[in-house]
*Asks:* 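Before anything else, here's the structure in question.
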Amino acid sequence: MFMPITQGGHDAYVYKIGAVFFDGTNDYGKLYSAMTGLSNGKELTMSYWIKMGASTDGSQHHIMSGFPATNRGYINERKADNKVRHYGSNTVSGTSIEITTSNTITESSGWTHVMFSYRLAASSLIHLYVNNADVKTVQTSNNTNVDFVASEAQHELGSVRGAQAKFKGDMADVWFTTTYIDLSDADERAKFVVPGSIKPVDLGADGSIPTGSQPLAFFHHNIGEDASDFVTNRGSAQDFVEVGELTESSSIPTD
């Protein structure tokens, strides 16, 4: 959806994405089976918008993770120290990649855009941006496959490990694929966030605009539709199943 705004006396248009609210108690999405098209590998690109809910500072909240009790898989979370973290294990429960933000994301941060990418075959090709600023801290990087598949298929949106560490707050346009995009290139970042204004970019009905192909997962809400549409995967893999009852957010990233 595009809405008119005024910039410098001229009409302009801002792409407005819908968002959904996770209550931190009951709400999450799940896919407890193998994700079609997902395989272990050394590359990933992910983009998402979050707005942390009330009283969430100092506690752990998962965005999208697949990390069963085997301690193998991948994690995307806002940690208890209020920093964002991505972790990927290797196939023997060691670490392939761990990156965190150097800054914190708290309730007072409001709508925040996070994007990161890596190609572990080259240690220099690891990127992490918050609101289009480089905030990368590499804790560990090894040239080994990330166990995205894991021995137990348990992918969750807004939680981890069977509904633990549930996300509380608003979420929009979660985009996930196991290919590398060079986010050090400002033009590539501009495919996900408007430079300067830090506003959303249209990723396409099926998430294919940034690369020309569908990502594995693209979770998007259309303003005015039932919030349960968020767990309908616009990417190439399966839909997730809604648990609890998502509601439409009272604000969106363009507010």
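Sequential numbering from 1 along the given sequence is applied to the chain's residues. Everything numeric in this text was worked out from a predicted model, so none of it was measured.
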*Asks:* What is the minimum heavy-atom distance between Ser96 and Asn145, and which atoms define it?
*Replies:* OG-O, 2.9 Å
*Asks:* Holding to side-chain hydrogen bond (donor to acceptor under 3.5 Å, both in side chains), I want the full list of residues that pass it with Thr95, two or more places apart in sequence or in another chain.
*Replies:* Tyr87
*Asks:* Hey, would you say the His62 and Phe67 ring centroids sit under 6.0 Å apart?
*Replies:* no
*Asks:* I'd like to check the side chain to side chain contact (heavy atoms under 4.5 Å, CB included) partners of Ala163; sequence neighbours left out, ordered by chain and number.
*Replies:* Tyr28, Lys166
*Asks:* Is atom CD of Glu152 surrounded by more than 12 heavy atoms (other residues, nucleotides or ligands) closer than 6.0 Å?
*Replies:* yes
*Asks:* Looking only at side chains, do Asp23 and Thr25 share a donor and an acceptor under 3.5 Å apart?
*Replies:* no
*Asks:* How close do Arg78 and Gly58 get, heavy atom to heavy atom, and via which atoms?
*Replies:* NH2-N, 4.0 Å
*Asks:* Please walk me through it: do Asp81 and Lys79 pass salt bridge (charged side-chain N to carboxylate O under 4.0 Å, His left out)?
*Replies:* CA-CA 5 Å; Asp81 64 3; Lys79 300 193 300 172; 3.2 Å; yes
*Asks:* If the condition is side-chain hydrogen bond (donor to acceptor under 3.5 Å, both in side chains), which residues does Thr36 pass it with, not counting sequence neighbours?
*Replies:* Gln238
*Asks:* Please identify each residue that fulfils side chain to side chain contact (heavy atoms under 4.5 Å, CB included) with Ser184, with sequence neighbours left out.
*Replies:* His127, Tyr129, Asp182
*Asks:* Taking NZ, NE, NH1 and NH2 as the nitrogens, is one of them in Arg234 or Asp173 under 4.0 Å from a carboxylate oxygen of the other?
*Replies:* no
*Asks:* In this structure, which one of Tyr48, Phe219, Phe192 forms a ring pair (Phe, Tyr, Trp, His ring centres under 6.0 Å) with Trp175?
*Replies:* Phe192
*Asks:* How far apart are the closest heavy atoms of Gly88 and Val146, and which atoms are they?
*Replies:* CA-CG1, 3.8 Å
*Asks:* If you define the side chain from C-beta out and look only at heavy atoms, does anything of Asn142 sit under 4.5 Å from Leu120?
*Replies:* no
*Asks:* Is a donor from one side chain sitting under 3.5 angstrom from an acceptor on the other, for Glu77 and Ser65?
*Replies:* no
*Asks:* Could you tell me if Tyr32 and Glu156 have a donor-acceptor pair between their side chains, going purely by distance under 3.5 Å?
*Replies:* yes
*Asks:* Does any donor atom in the side chain of Thr45 or Thr177 lie under 3.5 Å from an acceptor atom in the other side chain?
*Replies:* no
*Asks:* Partners of His155 by ring pair (Phe, Tyr, Trp, His ring centres under 6.0 Å), sequence neighbours excluded?
*Replies:* Tyr74
*Asks:* For Ser141, give me all partners under side-chain hydrogen bond (donor to acceptor under 3.5 Å, both in side chains), at least two apart in sequence or on another chain.
*Replies:* none
*Asks:* Here's a test for you: under side chain to side chain contact (heavy atoms under 4.5 Å, CB included), which of Val174, Val114, Leu128, Ile181 qualifies with Met46?
*Replies:* Val174
*Asks:* Over all heavy atoms of both residues, which pair between Ser236 and Gln214 is shortest? Give the atoms and the distance, please.
*Replies:* N-NE2, 3.7 Å
*Asks:* Side chains of Thr211 and Ser213: any donor to acceptor distance under 3.5 Å?
*Replies:* no
*Asks:* What heavy-atom pair brings Thr101 and Lys83 nearest, and what distance separates the two atoms?
*Replies:* O-CD, 3.2 Å
